[in-house]
Amino acid sequence: MDLLSLTAADLDAMRAVELETVDRDTLRDIQDVKVNMELPKEERIIDYIRQIGNPYCYRYGKYTIKVSFSDTDATLEDRLLSYFRITDCKF
């Protein structure tokens with residue numbers, strides 16, 4: 001994958017991959033990804049995408065993972081705190 005020529009349309013196509021139809025054999029296992037944390041942030045991102053291929057759909061061992069994001073300003077932390085309040089979880 002030539003990351004220098006990666007376009008918004010390429011990322012949209014990666015995002016659109018469906019779990020039900022994706023060929024698992026084409027996905028890379030995130031456990032094999034080793035990001036060099038000494039690289040600057042932008043280079044780490046490029047290194048990660050180079051290794052994982054599709055950052056929205058990949059394998060974790062026998063599991064297929066699909067990542068998506070809502071169009072919202074709420075953070076993951078906000079959502080988790082809300083979940084814990086709803087479920088009356090004590091932490």
Side-chain angles (χ1 to χ4, degrees):
M1 174 184 302
D2 181 11
L3 294 178
L4 297 178
S5 63
L6 194 64
T7 65
D10 295 329
L11 289 172
D12 287 341
M14 290 180 195
R15 190 178 304 117
V17 168
E18 295 292 333
L19 278 178
E20 297 78 19
T21 58
V22 69
D23 179 358
R24 280 185 37 84
D25 294 332
T26 65
L27 301 177
R28 298 186 189 150
D29 193 320
I30 197 165
Q31 296 174 97
D32 297 330
V33 173
K34 307 289 185 243
V35 176
N36 180 351
M37 297 305 289
E38 294 181 11
L39 293 173
K41 181 180 177 181
E42 287 185 12
E43 289 182 37
R44 286 195 313 265
I45 293 169
I46 290 169
D47 185 43
Y48 172 76
I49 294 173
R50 180 186 56 76
Q51 292 182 63
I52 199 68
N54 184 343
Y56 297 100
C57 193
Y58 50 85
R59 288 184 298 114
Y60 178 80
K62 67 179 183 177
Y63 301 101
T64 304
I65 308 297
K66 171 74 184 220
V67 177
S68 62
F69 302 93
S70 298
D71 188 17
T72 179
D73 292 332
T75 66
L76 177 58
E77 182 178 359
D78 295 336
R79 295 294 187 206
L80 289 173
L81 287 172
S82 176
Y83 171 77
F84 290 134
R85 278 190 218 105
I86 291 170
T87 59
D88 200 28
C89 182
K90 306 291 186 224
F91 56 100

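In this chain, numbering begins with 1 at the start of the sequence shown.
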**OP:** Can you measure from NZ (Lys34) to CG (Asp47) and round to the nearest 0.5 angstrom?
**Re:** 12.0 Å
Original post:
What is the distance from atom CD of Gln31 to atom OH of Tyr58, rounded to the nearest 0.5 Å?
Top reply: 11.0 Å
Original post:
Under 4.5 Å between any side-chain heavy atoms of Leu27 and Thr64, yes or no?
Top reply: yes
**OP:** Kindly give the heavy-atom pair with the smallest separation between Asp29 and Gly61, and that separation in Å.
**Re:** OD2-N, 3.0 Å
Original post:
Distance from Arg50 atom CZ to Arg28 atom CZ, nearest 0.5 Å?
Top reply: 8.5 Å
**OP:** Only counting residues at least two apart or in another chain, list the ones meeting side chain to side chain donor-acceptor pair (under 3.5 Å) with Thr7.
**Re:** Asp10
**OP:** Kindly give the heavy-atom pair with the smallest separation between Pro55 and Ile49, and that separation in Å.
**Re:** CG-CG1, 4.4 Å
Original post:
Say you draw a straight line from NZ of Lys66 to CG of Asn54; how long is it, rounded to the nearest 0.5 Å?
Top reply: 7.5 Å
Original post:
In Å and rounded to the nearest 0.5 Å, what is the CD1 to CG distance from Ile46 to Leu6?
Top reply: 9.5 Å
Subject >> Joint hydrophobic cluster, Val33 plus Leu39, side-chain heavy atoms closer than 4.5 Å >> reply: no
Subject >> Test side chain to side chain donor-acceptor pair (under 3.5 Å) applied to Arg15 - qualifying residues, sequence neighbours left out >> reply: Asp12, Tyr56
Original post:
Between Leu19 and Val22, which heavy-atom pair has the shortest distance, and what is it?
Top reply: O-CG1, 3.6 Å
Original post:
Going by heavy atoms in the side chains, are Arg59 and Arg24 under 4.5 Å from each other?
Top reply: yes
**OP:** Establish whether Ile52 and Val17 are linked, either directly or via other cluster members, by ILVMFWY side-chain heavy-atom contacts under 4.5 Å.
**Re:** no
